Every structure is written in structure tokens, then in C-alpha cells.
> 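Can you read through this structure? Questions will come right after.
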Amino acid sequence: APAPSTTKAKVAILGGGVSGISAAKNLVANGITDFVIVEARDELGGRAHDIEFAGVRVEKGCNWVQGLGTNPINEMAIKWGLKTVSDNSDNVAFYDNHGPINATKQYNAFWDAYDKANNIAIKRNSTNQVDISVRAALDLAGWMPETYVEQAVEFYGFDWEFAENPDVSSNLYAYVNADSYDGPFGPDSDGNNFVIDQRGFKYIFLQEAKQFLKDNDPRLLLNTTVKNIKYSNSGVVITAKDGSTIEADYAISTFSLGVLQHNDVTWSPKLPEWKLVGLDGFHMATYLKLFLSWEKPFWDLNTEYVLYADPTTRGYYNSWQNLNGPGFFPQNTTSNIFFVTLTQDQAYRVEAMADADIKEEVMEVIRSMYGKDIPDPSDMYVPRWHSDPLYRGTYSNWPIGELEQHHVNMKAPVQRVWFTGEAMSRDYYGFLQGAWIDGGEVGTKVAQCIKSSCPKQPYYPTIKLTNDSPSFVKRQEWL
Ligand SMILES: Cc1cc2nc3c(=O)[nH]c(=O)nc-3n(C[C@H](O)[C@H](O)[C@H](O)COP(=O)(O)OP(=O)(O)OC[C@H]3O[C@@H](n4cnc5c(N)ncnc54)[C@H](O)[C@@H]3O)c2cc1C
């Protein structure tokens, strides 16, 4: 066998997802072309990942442009002509295990309370009070779900977005995160576009990468799984699973929070405690889209969403999407796709089950909603992000208890290793724009390290209860 190879570069970008592509683009924009992108899979895109299902391409990962206006993801979607459809989650029908129900009153009551909960976040932040959970804020807003229908509309309104429940989620940062919609991206940013492009959502990111990568560019190291990162104040040595090494002056880790919370990649020396506390306290959530298709649709093709309220278990096969709605995939084809999303404990449970058992369970739900004669689906696909060692979940959620200082520590560089990825974005964690904007900023900063000297990055060796909050923690710009 040939001796394991050694590659040398000024910068090693670890991971070729959206933030890795953005970091590379910004290195190039700043005149740094001596980099490599090290990616375990055989293609770029990371969690932007489409698959063939029931004769069409569907998105196993990200699916919506969330926040329009000057959101860079929206701008790229327009620039590259990505095919999307403006969707409306209020176009929803309600069911329980006996068929259709009317839950409009509960649905409206939830959204009224959620608006109030956001105002509670604003008010508490403006008077320097500590963060509370979304559960506590909803409670203060008068929303105390008692019935299974109230629990189901709450799941659809909150968990289906954040992939975790209000009990564990931060009131303040859930509010900050909603800035994707009517904040800095301008007056026209309030909306979502659902991607149905048959080239896949990742197309726009691959087009961006093509602007600075040649065909078969030797700087793109695909099928290369990083195993160990040895770092110091003078450089970084990365060892891959196949024994090859990469020696770089700087590394930019774009690994998901889930990967950083596991031992799939080891660090020499071990990452410092202040860093680990920040990383381990944040949450990597899981949003499991269970794809199902039938030869003939039995659901109403004009309704975009269906909410199923299970009488005993919150979040049990709750949020359904009709992919043959007006403007989505063509109606009355053989690709009739009706899929359901599970999150958190339900996602972990289902992910661990065998496909045949999942099918049996989900069909029991479908038959209770639509009638006992509904046939088994002709196709089913279960993504398993939570157990995938390259991701360990789908996207991050800011939990109650994680302070701004913890988050600063989470993303702070450690010697010659810089960190980016969706979770490192304070304002847009979870979203593609978080990955894109943060990746770009880190690329620019590392270019500065090479050209002159590194911009100083804050971190907190200890975070104490009685600390006077550093001034930037008190930022009021969200108000
Ligand atoms: C199911 C799902 C639904 C989502 N829905 C939306 C949505 O609708 N809208 C939205 O804005 N966002 C959504 N997101 C979030 C969005 O996809 C992410 O925020 C974004 O893609 C993250 O990009 P990243 O570059 O930070 O991370 P990643 O895409 O995870 O990039 C990291 C890269 O590192 C690689 N890697 C990991 N380990 C190793 C290793 N050991 N060696 C080498 N390479 C490695 C991975 O293969 C990956 O390519 C969704 C995500 C998922 C999974």
C-alpha cells in the first residue's frame, strides 16, 4: 500500500457544509487561496442534502429558506434561480385519532400567548433580568396547556420549529432567533420559502463553491474523515481515518455541535474545560422527517399541513406535510408524498426502531385519522441524523441555562483552531444563515491572522454567578 499522504496548507477547513463553503469563499475574497476543505462524505453540502424518494428529489436536511429579504440564503436562492414555493403553515387541518376536529380556537390562543411570551423576553432583557424558559414565559402569558389538543397545537407552533419543547428552550434566545423574520434582513423578510428544486437545496451552495474551486480541485479532500486534531500555538496537524495527515497553520472546525459533543473526533491536547462547558451545555436537537408516499393520495391536496393530536402522547406523529399541495410537486402523479416530522424524544425513539416497526406504528395513526382502509405506503424513508457520527442530530437549540458567555466560549478559538457552524451563530443558530454568516466571518478573521495578526476573540476562563456582566452581554440591539 502507498504511504499515507501528507498535505500542507495555510488553512484546513474541516467540513464541507454551508459554513465550510462560506469560510473558503471569504478566505479567497481576502486573498488566501492556500487552503484545503476536508470532508468525510463524497460531496459538499453537509446538512443541505437531497435524496431520491418516490421518483422525485426531496430534502433529507434543510428545506426552507427561513426569513426572506436580505437573508443571504434568500439572496443566493434568487441569484441561482432556486425553485421554491411560498408556504403557509396556517393552511392547516386538525385531526385526532377519530378523524377531523376543530382546533382553531386553541391554535389562535397559542399564537396569542406566544406573541406575549416574546414580549416578556423583550421586557425582561431591557430590565437586565435573567433568562427564563419558553415554558415559564408561556405560563406568564396565560398559556397552560391542559388538553391533548392544546399540547398538540403547542407542538406544532413551537417544537416543529425549534425541534425541542418550550420546557428546555430559552425564552430570550428563541426570541433573538426569530430575528431572521422581521429584523436585520429588512422589511420584506417575514416569510418562508419551501425548496422544491430538483437540483436540491445544496445546488446554490455548490454554485458558490464553483466560483473558487476548479473541477477536481486538489484543495478539495472528499472522502476524508478527520479522526484527530493536534493543535498548538504554532499550527495544527490533522490525522484522517485512512492515516493521511494535513499540516496547516490554522484550522477552521465546522463540525456540527453534535460531533463536537462526542468522541468521533479527538483533540490533542483535550479541549479546555471552559470550552467544553460551553459546547456541552448547548443542545443538538433532532428533527426527523419521516418520508412516506402512496400511489393514490387520500389526504386533501389543497391543505398544506395537517396537525395530528394524539390523545396520550405529546408530539406523537404530530406535524404532517402534503408535498402535492398547490404549487408544490405535481398533483396526481405517482409521487404522492405526505410526510410527518418527529422531534426530541420521539425522534430518538423512532430513529432507534426498525423500519418495519415504524411503518406499522405510523400506519396505525394514519388509519385512525383517515380510515381503516388506507393501504400501506408504497415508499418510506427514515433519515437517521441523530445516530450519524458525521452529524449527531439535525440543528442546535439554545437551552435555558446556557449563558451568553457560555456561547462566546463555545465559539472562541483554541490556539490555532477556529470554530464555526450553525450553532456558533448567536443570532441565527439552527438556520442556514447562521452557518453561512458565521462561516464567512470566521474565514475573514483567519485571513487576517495570516495577513497581519489575529483579531482578539473574547472568552471566559471562568463564569461566575456574581460576575458583573461584561458590557457586550448587556447588548440592547434586539430591543
Ligand atoms: C432535517 C433538517 C432540517 C433542517 N431544516 C432547515 C431549514 O428548513 N432551514 C434552515 O435554514 N436550516 C435548516 N436546517 C439547518 C441547516 O441545514 C444547518 O444549519 C446547516 O446546513 C449547517 O451547516 P454547517 O456547515 O454548520 O454544518 P454541516 O452541514 O453539518 O457541515 C459540517 C460538515 O462536516 C462534515 N464532517 C462531520 N464530521 C466529519 C469528520 N470527522 N471528518 C470530515 N468531515 C466531517 C459533515 O459531513 C458536514 O459536511 C435543517 C437541518 C436538518 C438536518
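As the structure is a prediction and not an experimental result, all values here were calculated from the model. We count ligands from 1, going down the list as the structure has it; atoms in each ligand are counted the same way.
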> Considering only protein heavy atoms, which is closest to atom 20 (C) of ligand 1, and at what distance to one decimal place?
L432 CD2, 3.9 Å

> Nearest non-hydrogen contact with atom 24 (P) of ligand 1 belongs to which option: S19, G16, S256?
S19

> Could I get the full list of salt bridge (Lys or Arg N to Asp or Glu O under 4.0 Å) partners for D50, not counting sequence neighbours?
R57, K202

> Can you pull out every ring-ring contact (aromatic ring centres under 6.0 Å, His included) where at least one residue sits in residues 54-82? Sequence neighbours excluded, please.
W64-W160, W64-F194

> Which residue and non-hydrogen atom of the protein lie closest to atom 26 (O) of ligand 1, and at what distance in Å?
E422 N, 2.9 Å

> Do you know the tightest heavy-atom contact between I37 and G16?
CG2-CA, 3.8 Å

> If you measure from each heavy atom of T254 to ligand 1, is any distance below 4.0 Å?
yes

> If you measure from each non-hydrogen atom of K60 to ligand 1, which part falls under 4.0 Å: side chain, backbone, both or neither?
backbone

> Between T224 and ligand 1, find which residue part has any heavy-atom pair under 4.0 Å and reply side chain, backbone, both or neither.
backbone

> Measure from atom 40 (C) of ligand 1 to every heavy atom in F201, F255, W64, Y428 and give the option owning the shortest one.
F255

> Under 4.0 Å from ligand 1, counting heavy atoms only, is it the side chain of V265, its backbone, both or neither?
side chain

> Counting only heavy atoms, tell me which of A435, C62, G430, P383 gets closest to atom 15 (C) of ligand 1.
G430

> Name the closest protein heavy atom to atom 38 (N) of ligand 1, giving the residue it belongs to and the distance to 0.1 Å.
L390 CD2, 3.5 Å

> If you measure from atom 9 (N) of ligand 1 to every heavy atom of H262, H49, Q66, R47, which option wins on shortest distance?
Q66

> Below 30° counts as parallel, above 60° as perpendicular, anything between as tilted: where do the rings of H407 and F282 land?
tilted

> What residue and atom, counting heavy atoms only, is the protein's closest point to atom 34 (O) of ligand 1, and at what distance?
G15 CA, 3.3 Å

> Check whether the side chains of T286 and E351 place a donor and an acceptor atom closer than 3.5 Å, and report yes or no.
no

> Should the pair R219 and F35 be classed as cation-pi, given the thresholds of under 6.0 Å to the six-membered ring centre and 45° from the axis?
yes

> Using heavy-atom distances only, which candidate in G61, A23, A423 approaches atom 2 (C) of ligand 1 most closely?
G61

> For V18, counting its heavy atoms only, list the atoms of ligand 1 lying under 4.0 Å from any of them.
25 (O)

> Walk me through it: do R41 and E39 pass the test salt bridge (Lys or Arg N to Asp or Glu O under 4.0 Å)?
CA-CA 6 Å; R41 290 185 53 237; E39 168 56 49; 5.3 Å; no

> Any N or O of Y287 that comes nearer than 3.5 Å to an N or O of ligand 1?
no

> Say whether S19 and E422, considering side chains only, have a donor N or O and an acceptor N or O under 3.5 Å apart.
no

> Name the closest protein heavy atom to atom 35 (C) of ligand 1, giving the residue it belongs to and the distance to 0.1 Å.
E39 OE1, 3.3 Å

> Determine whether Y107 and V92 make a side-chain contact, defined as any pair of heavy atoms from C-beta on separated by less than 4.5 Å.
yes

> So which of W320, F53, F338 actually passes ring-ring contact (aromatic ring centres under 6.0 Å, His included) with F291?
F53

